S.K.: 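Below you will find the structure I want to go over with you.
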There are 2 protein chains.
Amino acid sequence: MYAELQLDNQVCFRLYTAARLVTQAYAPMLTELGITYPQYLVLMVLWEKDCQPVNDIARRLLLETNTVTPLLQRMEKLGIISRKRGEQDKRQHLVSLTVKGRDMEQKAYSLIPAGMSEQLASCPLKLEDYQRLVQELDSIINTFKK
Amino acid sequence: MYAELQLDNQVCFRLYTAARLVTQAYAPMLTELGITYPQYLVLMVLWEKDCQPVNDIARRLLLETNTVTPLLQRMEKLGIISRKRGEQDKRQHLVSLTVKGRDMEQKAYSLIPAGMSEQLASCPLKLEDYQRLVQELDSIINTFKK
DNA sequence: ATAAATAATATCGCGCGCGATATATTGTTA
DNA sequence: TAACAATATATCGCGCGCGATATTATTTAT
């Protein structure tokens with residue numbers, strides 16, 4: 001019985017579980033939008049700045065391009081983004097929002113903050129707790145990112 | 001530009017990213033053990049209490065049985081667990097460690113705490129920060145678990 | 001005791017993540 | 001400028017997670 005190997009002492013298990021459960025909490029709203037959580041992340045990146053190469057999106061999300069490329073292909077099939085080859089650098093694929101993808105921002109804004117805050121009503125954490133949590137998570141992310 | 005839809009304001013994106021990156025940090029040690037992170041979670045559950053039905057393992061990890069069943073099937077092929085039908089309840093599949101699975105605890109103990117603390121050396125978080133983080137994550141997990 | 005409801009596990013399909021590898025384009029260097 | 005290295009993206013294979021559904025065994029109700 002090594003304390004270091006007990007499930008109840010694992011930070012990583014809690015991160016893994018919390019991430020899964022919170023992502024699941026997004027599902028009802030995202031289903032209404034017709035997308036998944038990783039697709040929603042891509043949309044947030046593009047809502048902030050449209051027309052970005054695959055690499056920039058991947059770097060922003062700290063994902064590999066071999067994860068992002070198929071994600072973008074599925075989003076293209078859904079008609080929410082389009083891809084075109086870069087003009088000065090023909091290796092790049094520039095990813096842009098379609099009208100449908102751009103219009104989804106309004107609907108997301110009307111669904112997601114309200115939907116999440118409703119579900120978070122019973123969570124005992126206060127604003128300052130979330131702020132500290134964000135800083136702690138950023139410390140961990142910065143420690144492990146390449 | 002809705003602040004609520006900006007990537008930098010998302011707790012969930014940080015949970016998702018931190019979970020991925022910390023799980024990746026386990027990979028070198030787990031590769032040496034020949035297992036994945038979810039398989040390591042199952043082993044921790046069984047090291048604590050051997051011979052459990054699929055449901056108990058799934059509940060402990062807050063996973064669905066349709067995730068755990070194939071995970072256990074792969075672990076059985078690896079020779080680290082065995083499954084047998086319950087005697088009083090023949091619907092159950094009781095999962096037990098093999099000798100190989102039990103012996104992996106020693107090796108895990110020699111590899112993982114040291115390997116992780118080495119990688120965490122550059123992380124600015126202190127013991128009390130981790131303790132608070134654990135409590136905050138537990139609040140979130142308890143809010144969203146069924 | 002038999003039918004219906006419930007429970008435990010398994011199967012299927014799909015979307016990630018990611019290591020490994022391939023392809024095409026650009027940059028660099030001899 | 002020809003060879004080589006580096007870069008951007010894509011493809012492939014596999015292991016999750018999970019919604020939906022199926023199968024088998026147990027429990028409950030009639």
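Note that the structure is predicted; figures quoted are calculated from it, not measured.
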S.K.: Is the side chain of B/S110 donor-acceptor paired with the backbone N or O of B/K107 at a distance under 3.5 Å, no angle test?
M.R.: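 Here the side-chain-to-backbone pair exists.
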S.K.: Whole-Å distance between D/dT24 C1' and B/Q92 CD?
M.R.: 13 Å
S.K.: Is the phosphate of D/dA8 approached by A/H93 (side-chain N or O, under 4.0 Å from OP1 or OP2)?
M.R.: no
S.K.: Salt bridge between B/K126 and B/D129, side-chain N to carboxylate O under 4.0 Å?
M.R.: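 Judged by the 4.0 Å cut-off on N to carboxylate O distance, B/K126 and B/D129 do not form a salt bridge.
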S.K.: Under the side chain to side chain donor-acceptor pair (under 3.5 Å) rule, what pairs show up with a residue in residues 15-24 of chain A, not counting sequence neighbours?
M.R.: A/Q24-B/K146
S.K.: Do B/Y2 and A/Q106 pair up side chain to side chain, a donor and an acceptor below 3.5 Å, judged on atom types alone?
M.R.: yes
S.K.: Between the side chain of B/E105 and the main-chain N/O of B/W47, is any donor-acceptor distance below 3.5 Å?
M.R.: no
S.K.: Pick the nucleotide of DNA chain D nearest each of A/L21 and A/L94; which residue has the one closer to the 5' end?
M.R.: A/L94
S.K.: Is a donor on one side and an acceptor on the other found under 3.5 Å between the side chain of B/T98 and the backbone of B/G101?
M.R.: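 Flag set: sc B/T98 to bb B/G101 pair under 3.5 Å.
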S.K.: Start at the 5' end of DNA chain D and walk down; is the nucleotide closest to B/R91 or to B/M75 reached first?
M.R.: B/M75
S.K.: If you assign each of A/T36 and A/N66 to its closest nucleotide in DNA chain C, which residue comes earlier from the 5' end?
M.R.: A/T36
S.K.: With side chain to side chain contact (heavy atoms under 4.5 Å, CB included) as the test, would you mind laying out the steps for A/C12 and B/Y40 before giving the verdict?
M.R.: CA-CA 12 Å; A/C12 184; B/Y40 176 57; over 6 Å; no
S.K.: Distance under 4.0 Å to a non-hydrogen atom of chain A counts as contact; along DNA chain C, which nucleotides mark the start and end?
M.R.: C/dG15 to C/dT26
S.K.: Got a sec? Which of residues 78-89 of chain B come in under 4.0 Å of DNA chain D, heavy atoms?
M.R.: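 Close to the strand are B/Q88, B/D89.
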